[in-house]
Protein chains: 2
Amino acid sequence: MTMSTTPPIDEVARDAAARLRAAGLRPTRQRVALVRALFGQGDRHVTAEQLYAETQALDVGVSLATVYNTLHQFTRAGLLRELAIGSGRSYFDTNTGHHHHFFYEGTGQLVDVPGELVQVASVPLPPKGTEVSGVDVIIRIKDGGC
Amino acid sequence: MTMSTTPPIDEVARDAAARLRAAGLRPTRQRVALVRALFGQGDRHVTAEQLYAETQALDVGVSLATVYNTLHQFTRAGLLRELAIGSGRSYFDTNTGHHHHFFYEGTGQLVDVPGELVQVASVPLPPKGTEVSGVDVIIRIKDGGC
DNA sequence: TTCTTCTTTAGAATCATTCTAATCTATTGA
DNA sequence: TCAATAGATTAGAATGATTCTAAAGAAGAA
């Protein structure tokens, strides 16, 4: 029996539509398929192309344009967090809680680091009239060596 | 009299060629022009397009391809640090010392934060066989409000 | 149903960046 | 000083990620 903070897969699949409605989005076939792909297997970091490839393999086809649209809608709705780390592509993180990342420079892979494990002390105040919307810590990993 | 860690502009301009030679790069007209544009006015965060636009305004024309080539050579030589922060374009930072960044979400502007002002405690150890090559802290600024 | 509004989509367009192959130019050695 | 050569520059094509466009398709309300 898997005991984790992530809800069981079945449940996620069952209320994909409810989740979408709660976010103010119509539960279309495409969006339901994307919710299942994204949230059906624990925390993930996916690119648009990866997700597109996954949905192509399913019965429900989703166009690349829709993958992009949906990822942005989900991000706006707070279901995803967008990570623009290595240059080029964007990653979308299904973990929207407080955490940071290991970034493997060689492969571009991202791995979560629980927020509590990184203590950022004394962040300077931003110029007045502005507000800190978040602090991202990226631990770059040089995966060479051996 | 300006007292800073950055060398005076004149000096930078004068020994642009020497600086290039020290990095193992031939001091061509184009590279000298780029060294002056980059290091002649204190710490900067430039994109390739910005630098290209600047050099177009000078007497020494530099092609966009050369701007890209040179930025990467300089980065490899340790003269610049590449920042892939907001998605899309890369920024090149003339400050290669220990520091972090404010990132203005609205404009994409970057501002240095001295390394000492951010205390990152207890970074978790990376998987064995790998090594931490750096820790980047990005303080995202939501410049809305007023 | 039927209408209206929101969605999806293929393909074109865009933006940043890299590649290619031809043309130059620093440097070296005669 | 001059030619040879290794390295540098360049225009333009190619690539990769993403966004746009305009037309056709589905959801929700009446």
Side-chain angles (χ1 to χ4, degrees), chain A residues 16-37 45-56 58-77 79-80 82-92 107-108 110, chain B residues 16-37 45-56 58-77 79-80 82-92 107-108 110:
Chain A
R19 191 190 276 245
L20 284 166
R21 256 185 270 268
L25 297 166
R26 283 188 190 172
T28 62
R29 267 182 298 117
Q30 291 85 338
R31 294 211 266 233
V32 168
L34 290 171
V35 166
R36 298 171 86 156
H45 304 97
V46 282
T47 64
E49 286 287 353
Q50 278 168 14
L51 194 55
Y52 174 64
E54 277 180 39
T55 53
Q56 287 308 89
L58 300 177
D59 45 344
V60 185
V62 182
S63 74
L64 186 56
T66 296
V67 170
Y68 274 103
N69 290 339
T70 307
L71 286 172
H72 289 137
Q73 289 158 349
F74 285 11
T75 301
R76 257 179 270 122
L79 268 47
L80 293 175
E82 184 171 359
L83 304 173
I85 295 187
S87 78
R89 83 208 90 227
S90 265
Y91 292 84
F92 292 85
T107 60
L110 286 168
Chain B
R19 192 191 274 244
L20 284 165
R21 256 185 270 268
L25 297 166
R26 284 188 188 173
T28 61
R29 268 181 298 117
Q30 291 85 338
R31 293 211 266 233
V32 169
L34 290 172
V35 166
R36 297 171 85 155
H45 303 98
V46 283
T47 64
E49 285 287 352
Q50 278 167 15
L51 194 55
Y52 174 65
E54 277 179 41
T55 54
Q56 288 308 89
L58 299 177
D59 45 343
V60 185
V62 181
S63 73
L64 185 57
T66 297
V67 170
Y68 274 104
N69 289 339
T70 306
L71 286 171
H72 289 137
Q73 288 158 349
F74 285 11
T75 301
R76 258 179 269 122
L79 270 45
L80 293 175
E82 184 172 0
L83 303 172
I85 295 188
S87 78
R89 83 208 90 226
S90 265
Y91 292 84
F92 292 85
T107 61
L110 286 168

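Throughout, protein chains are lettered first and strands after them, A, B, ... in sequence-line order, and every chain is numbered starting at 1.
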Do the side-chain N or O atoms of Y68(A) get closer than 4.0 angstrom to the phosphate oxygens (OP1, OP2) of dT19(D)?
-> no
Indicate whether OP1 or OP2 belonging to dT17(C) is found under 4.0 Å from a side-chain N or O atom of H72(B).
-> no
Excluding sequence neighbours, so at least two apart, what forms salt bridge (charged side-chain N to carboxylate O under 4.0 Å, His left out) with E54(A)?
-> R44(A)
Tell me the interatomic distance from [X], atom [atom1], to [N], atom [atom2], rounded to whole angstroms.
| X | N | atom1 | atom2 | value |
| --- | --- | --- | --- | --- |
| Q50(A) | dG16(D) | CD | P | 16 Å |
| F92(B) | dA16(C) | CZ | C1' | 11 Å |
| L71(A) | dT18(D) | CG | C1' | 12 Å |
| Q56(B) | dT9(D) | CD | P | 14 Å |
| Y91(B) | dT17(C) | OH | C1' | 15 Å |

Side-chain donor or acceptor of Y91(B) paired with backbone N/O of G108(B) under 3.5 Å | yes
Looking across every strand, which nucleic acid part, if any, lies under 4.0 Å from S90(B) by heavy atom: base, sugar-phosphate, or nothing?
-> sugar-phosphate
Applying side-chain hydrogen bond (donor to acceptor under 3.5 Å, both in side chains), name anything that partners Q56(A), two or more places apart in sequence or on another chain.
-> none
Between protein and nucleotides 6-13 of chain C, what N or O pairs are separated by less than 3.5 Å?
from, atom 1, to, atom 2, distance (Å)
dC6(C), O4', R26(A), NH2, 3.2
dT7(C), OP1, R31(A), NH2, 2.8
dT7(C), O5', R31(A), NH2, 2.8
dT8(C), OP1, T28(A), OG1, 2.5
dT8(C), O3', Q30(A), NE2, 2.7
dT9(C), OP1, Q30(A), NE2, 3.4
dT9(C), OP2, S63(A), N, 2.9
dT9(C), OP2, S63(A), OG, 3.2
dT9(C), OP2, T66(A), OG1, 2.8

Donor-acceptor contacts under 3.5 Å from residues 65-72 of chain A side chains, at least two apart:
from, atom 1, to, atom 2, distance (Å)
T66(A), OG1, S63(A), OG, 3.1
N69(A), ND2, A65(A), O, 3.4
T70(A), OG1, T66(A), O, 2.6
H72(A), ND1, Y68(A), O, 3.2

Could you list all the side-chain hydrogen bond (donor to acceptor under 3.5 Å, both in side chains) pairs where at least one residue sits in residues 20-31 of chain A, not counting sequence neighbours?
-> R31(A)-Q73(A)
Across all chains, not counting sequence neighbours, the side-chain contact (heavy atoms from CB on, under 4.5 Å) partners of A77(B) are A23(B), L79(B)
